[in-house]
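For reference, the structure is listed below as structure tokens.
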Amino acid sequence: MVETKFETVVFDLDGTLIHSAPDLHAAANVALVGLGCAPLDLSTVTSFIGNGVEKLVERCLNATGKSTDRLQHRALAQFLDYYENNMTTLTRPYSGVVSCLDTFKAAGLKMAICTNKPTGPARDICDQLGLSQYFDVVVGAEPGALKKPDATPLLTCIAAMKARPEKTLYVGDSAIDFQTARNANVPFRLFTRGYLHTEIPELAASDRFDDWTANSVLG
């Protein structure tokens with residue numbers, strides 16, 4: 001039984017619902033090595049996740065000390081070419097995620113995804129991992145569009161769900177997600193075992209969770 005004041009739950013994707021860092025790490029190193037750069041370790045690449053693939057590739061190149069606009073373009077193309085065919089080679093939902101989503105669905109909660117990953121890959125990953133059945137809307141990053149932490153993607157997602165912001169919970173794993181929720185004036189919960197790179201001292205302990213049980217997520 002789920003008892004909650006929320007009607008809708010919107011989730012970030014990478015580091016929140018899915019552990020995708022291993023595939024992103026592999027794609028980044030394919031791109032780097034292809035350009036004659038040294039590969040990076042998993043923890044370094046994971047620390048660059050959160051602002052979209054363009055920023056991820058840019059940060060990876062900067063870490064090698066060989067970043068130029070020309071290399072950035074080539075690295076991004078190689079990254080995307082590899083990642084498109086290997087999005088779920090190593091990526092899996094976090095333990096407990098599917099059971100939690102089943103519980104929310106049975107309780108009649110509406111669910112959606114708001115991510116800085118491009119919309120196409122986000123949808124493809126959900127399809128390949130069997131998660132698409134849970135989400136009515138997927139809002140990802142589009143070229144030239146505003147990304148999180150701007151409130152626009154989350155508010156667009158909520159509007160597409162025909163939901164009320166005050167009755168919507170946003171669930172993420174990073175300071176970017178926290179700031180997005182704050183900018184949109186939407187309640188927030190932090191999954192503490194994702195890709196949190198910057199601490200959030202102003203976030204209450206009651207708004208943090210480390211296991212995917214329905215009551216832990218909803219608070």
Side-chain angles (χ1 to χ4, degrees), residues 1-26 42 45-46 49-50 52-53 83 86-141 148 153-154 157-158 160-161 163 168-178 180-181 186-197 200 203 205-219:
M1 173 68 76
V2 174
E3 294 184 7
T4 178
K5 64 182 179 181
F6 300 113
E7 300 170 348
T8 304
V9 184
V10 180
F11 302 91
D12 174 53
L13 187 58
D14 297 88
T16 299
L17 294 174
I18 60 173
H19 180 38
S20 56
D23 282 323
L24 293 167
H25 172 242
L42 176 60
V45 174
T46 301
I49 297 172
V53 293
Y83 190 61
N86 294 275
M87 290 187 291
T88 57
T89 300
L90 302 171
T91 295
R92 297 291 182 271
Y94 284 105
S95 177
V97 161
V98 172
S99 178
C100 182
L101 296 177
D102 280 332
T103 299
F104 287 172
K105 186 175 181 179
L109 287 172
K110 297 183 291 185
M111 292 181 283
I113 288 174
C114 179
T115 174
N116 273 344
K117 184 184 288 296
T119 304
R123 290 184 183 277
D124 289 343
I125 286 175
C126 287
D127 286 345
Q128 293 171 28
L129 296 179
L131 299 178
S132 296
Q133 61 179 306
Y134 300 107
F135 305 114
D136 298 312
V137 172
V138 175
V139 172
K148 299 182 302 180
L154 180 54
C157 185
I158 292 170
M161 295 284 288
T168 299
L169 177 67
Y170 188 46
V171 179
D173 69 301
S174 69
I176 294 169
D177 297 323
F178 167 72
T180 302
V186 169
F188 179 72
R189 297 281 189 278
L190 177 77
F191 176 53
T192 60
R193 297 174 64 188
Y195 307 150
L196 179 65
H197 311 315
I200 313 173
L203 185 67
S206 59
D207 288 329
R208 303 167 185 258
F209 69 98
D210 62 7
D211 69 275
W212 278 94
T213 59
N215 288 334
S216 294
V217 177
L218 295 173

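Side-chain contact between L17 and Y134 is absent, with no heavy atoms from C-beta onward closer than 4.5 Å. Here the side chains of T4 and L109 are in contact, with some heavy-atom distance below 4.5 Å. The closest side-chain heavy-atom distance from L218 to F209 is not below 4.5 Å. You'll find the side chain of T8 stays beyond 4.5 Å of the side chain of Y170, heavy atoms only. Within the 4.5 Å cutoff, the side chain of N116 has no heavy atoms near those of the V53 side chain. Put simply, the side chain of D207 does not reach to within 4.5 Å of the side chain of F188, judged on heavy atoms. L101 places a side-chain heavy atom less than 4.5 Å from the side chain of F11.
Between C157 and V10, the shortest heavy-atom distance links the atoms SG-CG1, 3.9 Å. The two residues L42 and H25 come nearest to each other via the heavy atoms N-NE2, 3.3 Å. For V217 against C100, the heavy-atom pair with the smallest separation is CG2-SG, 4.0 Å. The two atoms that bring T103 and A214 nearest to each other are CG2-CB, 3.8 Å, heavy atoms only.
No side-chain donor from either of T213 and N215 sits under 3.5 Å from a side-chain acceptor of the other.
For the pair D23 (side chain) and T89 (backbone), a donor-acceptor distance under 3.5 Å is present. Proximity of a side-chain donor or acceptor of R193 to a complementary backbone N or O of D211 within less than 3.5 Å is not detected. In this structure, the side chain of T115 does not engage the main chain of D12 through any donor-acceptor pair within 3.5 Å. Distance alone, capped at 3.5 Å, places no donor-acceptor pair between the D14 side chain and the S20 backbone. For T180 (side chain) and I176 (main-chain N/O), a donor-acceptor pair under 3.5 Å exists by modelled atom type.
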All N/O donor-acceptor pairs, side-chain side in residues 119-127, below 3.5 Å, sequence neighbours left out:
residue	atom	partner	partner atom	Å
T119	OG1	G140	N	3.1
T119	OG1	E142	OE2	2.5
D127	OD1	S132	OG	2.4

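To the nearest 0.5 Å, the span separating CD1 on I49 from CG on D173 amounts to 9.0 Å. Atom CG of L203 is separated from atom CG of L190 by 6.0 Å, given to the nearest 0.5 angstrom. The CG atom of D136 sits 11.0 Å away from the CD1 atom of I113 when rounded to the nearest 0.5 Å. Going from atom CD1 of I200 over to atom CZ of F178 covers 6.0 Å, rounded to the nearest 0.5 Å. Atom CD1 of residue I18 and atom CD of residue Q128 lie 10.5 Å apart, to the nearest 0.5 angstrom. Taken to the nearest 0.5 Å, the CE atom of M161 stands 11.5 Å off from the SG atom of C114.
Sorted by first and then second residue, the ring pair (Phe, Tyr, Trp, His ring centres under 6.0 Å) pairs with a member in residues 93-132 read H19-Y94, Y94-F191; sequence neighbours excluded.
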May I have the step-by-step check of side-chain contact (heavy atoms from CB on, under 4.5 Å) for T16 and W212, ending in yes or no? CA-CA 10 Å; T16 299; W212 278 94; 4.1 Å; yes
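In this structure, the side chain to side chain donor-acceptor pair (under 3.5 Å) partners of S174, at least two apart in sequence or on a different chain, are D177.
Ring-plane geometry between H197 and Y195 is classed as parallel, the angle between the planes falling under 30 degrees on a 0 to 90 degree scale with a further cut at 60.
Atom CZ of R208 is surrounded by more than 12 heavy atoms from other residues, nucleotides or ligands within 6.0 Å.
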